[in-house]
A.B. asks: 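I'd like to ask you about the structure that follows.
The figures that follow rest on heavy atoms only: side chains count, while hydrogens, waters and symmetry mates do not.
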Amino acid sequence: RKTAARDTDRAYFSIFLRPSFIMQAQSYAKVINFVRLTLKGKYMASILGIGNALTDILALLPDDSFLKEFHLPKGSMQHVDMETGDKIWKTLKPMGVQLVAGGSAANTITGTAIFGMESAFIGKVGDDELGHLFKSDQAQYGIRSILLKGVNSSGRATGFVSAPNSERTSAVYLGAALELVPEDLDP
């Protein structure tokens with residue numbers, strides 16, 4: 001009968017997990033139990049996303065000088081360390097940028113919420129401005145966010161669009177999002 005219950009559970013909701021999290025998870029039953037508690041027994045079409053809670057930052061640049069200052073090759077996608085990520089953010093902040101909650105799992109969950117599906121998201125953010133923005137951005141779509149607080153600052157994916165040809169360059173600092181571990185799912 002336990003097998004039948006597990007198959008039934010799968011029929012009622014989908015779970016979107018980042019691949020590394022699936023490999024680390026202790027058992028499918030642990031995730032199912034957590035989902036039951038998270039969605040409070042409402043087994044209708046529901047979805048839970050577990051992944052990197054990143055804030056997408058879009059910056060329009062007049063030229064390549066900013067990219068050169070931070071050693072970002074034009075047209076590339078670079079992962080940056082905390083020091084570089086924080087310097088980039090502090091430099092961009094006064095320039096006027098566009099901010100939106102992001103990360104692949106969070107983006108998927110936002111889409112399902114917009115289409116009316118009961119949606120929840122679990123991730124880890126820093127106790128900072130971008131972490132609060134992430135939570136409020138998800139709340140506006142009715143997403144039940146469970147955002148744990150990490151030690152590091154909130155993760156961010158910065159997209160630079162530079163003139164004259166509007167080429168895109170990315171710098172990603174994962175920050176607190178990397179601190180999410182399977183033990184965080186213990187109710």
Side-chain angles (χ1 to χ4, degrees), residues 1-57 79-82 85-86 89 99-158 172-187:
R1 285 279 165 209
K2 287 184 181 181
T3 302
R6 216 178 292 154
D7 291 340
T8 303
D9 289 343
R10 286 184 198 154
Y12 285 105
F13 57 84
S14 300
I15 302 173
F16 185 84
L17 300 169
R18 69 178 189 225
S20 62
F21 198 88
I22 293 171
M23 292 169 39
Q24 295 174 13
Q26 295 293 322
S27 69
Y28 180 76
K30 184 175 180 180
V31 174
I32 293 298
N33 185 43
F34 187 78
V35 170
R36 282 188 180 135
L37 293 171
T38 301
L39 298 177
K40 296 189 179 189
K42 297 178 183 175
Y43 290 110
M44 50 198 245
S46 303
I47 187 166
L48 168 66
I50 302 175
N52 294 330
L54 304 176
T55 298
D56 290 340
I57 302 170
H79 282 274
V80 297
D81 60 18
M82 180 172 59
D86 287 345
W89 172 232
L99 306 169
V100 65
S104 59
N107 288 340
T108 300
I109 294 305
T110 300
T112 60
I114 288 169
F115 287 120
M117 182 181 274
E118 183 177 357
S119 304
F121 176 80
I122 300 170
K124 201 169 249 191
V125 296
D127 189 14
D128 54 26
E129 176 185 5
L130 293 178
H132 298 293
L133 173 115
F134 189 95
K135 185 171 183 71
S136 67
D137 202 45
Q138 287 204 322
Q140 77 176 335
Y141 296 109
I143 298 167
R144 180 160 182 223
S145 297
I146 300 169
L147 297 174
L148 306 165
K149 298 293 185 210
V151 175
N152 290 313
S153 55
S154 294
R156 56 202 88 107
T158 308
V172 178
Y173 165 64
L174 294 172
L178 280 179
E179 299 171 29
L180 185 66
V181 295
E183 291 73 32
D184 289 331
L185 292 182
D186 288 335

A.B. asks: Testing the basics here: between Val151 and Glu179, what is the closest heavy-atom pair and its distance to 0.1 Å?
C.D. replies: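 Heavy-atom minimum between the residues: N-OE1, 2.6 Å.
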A.B. asks: Mind listing the closest non-hydrogen atom pair of Gly126 and Ala176 along with its distance?
C.D. replies: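 Looking at all heavy atoms of both residues, the closest pair is N-CB, 3.6 Å.
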A.B. asks: State the CD1-CD1 distance between Ile122 and Ile146, to the nearest 0.5 angstrom.
C.D. replies: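 Going from the CD1 atom of Ile122 to the CD1 atom of Ile146 covers 4.5 Å.
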A.B. asks: Rounded to the nearest 0.5 Å, what separation is found between the CG atom of Leu54 and the OG1 atom of Thr158?
C.D. replies: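 Reported value, rounded in 0.5 Å steps: 10.0 Å.
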A.B. asks: Rounded at 0.5 Å granularity, tell me how far CD1 in Ile47 sits from CD in Glu118.
C.D. replies: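 Between atom CD1 of Ile47 and atom CD of Glu118 there are 11.5 Å.
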A.B. asks: Show every donor-acceptor pair shorter than 3.5 Å between a side-chain atom in residues 129-136 and any protein atom, with sequence neighbours excluded, or say none if there are none.
C.D. replies:
residue	atom	partner	partner atom	Å
Glu129	OE1	Lys93	NZ	2.7
Ser136	OG	His132	O	3.4
Ser136	OG	Leu133	O	3.1

A.B. asks: Looking only at heavy atoms, what is the nearest atom pair of Ala53 and Gly123, with distance?
C.D. replies: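 Minimum heavy-atom contact is CB-CA, 4.4 Å.
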A.B. asks: Return the CG to CG distance between Leu185 and Leu180, rounded to the nearest 0.5 Å.
C.D. replies: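 The CG atom of Leu185 sits 7.0 Å away from the CG atom of Leu180.
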A.B. asks: How far apart are the closest heavy atoms of Gly102 and Asn107, and which atoms are they?
C.D. replies: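 Minimum heavy-atom separation between Gly102 and Asn107: CA-OD1, 3.4 Å.
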A.B. asks: State which residues pass side-chain contact (heavy atoms from CB on, under 4.5 Å) with Ile114; sequence neighbours excluded, sorted by chain then number.
C.D. replies: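 By the side-chain contact (heavy atoms from CB on, under 4.5 Å) rule, Ile114 matches Thr110, Tyr141.
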A.B. asks: Is the shortest heavy-atom distance from the side chain of Leu147 to the side chain of Lys124 under 4.5 Å?
C.D. replies: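 No, every pair of side-chain atoms sits at 4.5 Å or beyond.
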A.B. asks: Starting at CG of Leu48, measure out to CD1 of Ile50 and round the result to the nearest 0.5 Å.
C.D. replies: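 If we round to the nearest 0.5 Å, Leu48:CG and Ile50:CD1 are 4.5 Å apart.
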A.B. asks: For Asp127, what residues pass the salt bridge (charged side-chain N to carboxylate O under 4.0 Å, His left out) criterion, not counting sequence neighbours?
C.D. replies: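 Listed in chain order: nothing, the list is empty.
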A.B. asks: Measure across Arg156 and Ser154 and return the closest heavy-atom pair with its distance rounded to 0.1 Å.
C.D. replies: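 Heavy-atom minimum between the residues: NH2-O, 3.1 Å.
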A.B. asks: Which pair of heavy atoms, one from Ile109 and one from Gly49, lies closest together, and at what distance?
C.D. replies: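 Looking at all heavy atoms of both residues, the closest pair is CD1-N, 3.5 Å.
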A.B. asks: Considering residues at least two apart in sequence or located in another chain, which fulfil the side-chain contact (heavy atoms from CB on, under 4.5 Å) criterion with Met82?
C.D. replies: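 If we apply the side-chain contact (heavy atoms from CB on, under 4.5 Å) test to Met82, skipping adjacent residues, the hits are Asp86, Asn152, Tyr173.
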A.B. asks: Among all residues two or more places apart in sequence or in another chain, which pass the side chain to side chain donor-acceptor pair (under 3.5 Å) test with Asp137?
C.D. replies: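 Listed in chain order: Gln140.
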